[in-house]
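Since we're looking at a predicted model, the values are computed, not measured. We number each residue from 1, following the sequence as shown.
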Amino acid sequence: MKIYTYEGKANISGDRIHQARTAQRMSQDALAAKLLLAGLSIGREAVSRIETGLRFVTDYELVIFARVLGVTIEWLTADMQD
């Protein structure tokens with residue numbers, strides 16, 4: 001399966017995930033732990049790769065990120081200009 005990039009990144013939500021996480025003063029390790037409790041088994045390295053746009057984010061992962069971070073999917077996928 002070919003994974004396409006958008007403006008050189010594998011996802012459009014990484015910047016917003018980083019923004020929401022840091023606004024809550026949460027480490028990548030803490031976010032990974034909360035994701036695990038919510039049923040998504042990814043580690044700190046995967047969180048880092050998502051935030052930098054190096055890793056693809058599936059739709060079900062996006063739902064869990066939104067729930068854990070207390071934001072909407074729409075906000076996670078919005079343009080950073082908003």
Does the side chain of [Y] come within less than 4.5 Å of [X]'s, by heavy atoms?
X	Y	answer
Lys9	Asp15	yes
Tyr6	Ile12	yes
Phe65	Leu31	yes

When you group the ILVMFWY residues by side-chain heavy-atom contacts below 4.5 Å and let the links chain together, are [Y] and [X] in the same group?
X	Y	value
Leu76	Ile42	yes
Ile17	Leu36	no
Tyr60	Leu35	yes
Leu62	Leu69	yes
Met26	Ile50	yes

Ile73 CD1 to Arg67 CZ distance, which is reported to the nearest 0.5 Å: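 If we round to the nearest 0.5 Å, Ile73:CD1 and Arg67:CZ are 8.5 Å apart.
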Value rounded to 0.5 Å, distance of CD in Glu45 from CG in Asp29: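 The CD atom of Glu45 sits 10.5 Å away from the CG atom of Asp29.
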Side chain Arg16, main chain Trp75, donor-acceptor under 3.5 Å: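 Here the side-chain-to-backbone pair exists.
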Side chain Ser48, main chain Arg44, donor-acceptor under 3.5 Å: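 Not confirmed, Ser48 side chain does not pair with Arg44 backbone.
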Exercise: do Gln28 and Glu51 side chains pair donor with acceptor under 3.5 Å: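 The answer is yes; a qualifying pair exists.
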Residues that Ala32 engages under side chain to side chain contact (heavy atoms under 4.5 Å, CB included), provided they are two or more places apart: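 In terms of side chain to side chain contact (heavy atoms under 4.5 Å, CB included), with neighbours along the sequence ignored, Ala32 is linked to Val47.
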Qualifying residues under salt bridge (charged side-chain N to carboxylate O under 4.0 Å, His left out), relative to Arg55, sequence neighbours excluded: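 By the salt bridge (charged side-chain N to carboxylate O under 4.0 Å, His left out) rule, Arg55 matches Glu61.
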Val57 versus Ser13, closest heavy-atom pair with distance: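 The pair with the smallest heavy-atom distance is CG2-OG, 3.9 Å.
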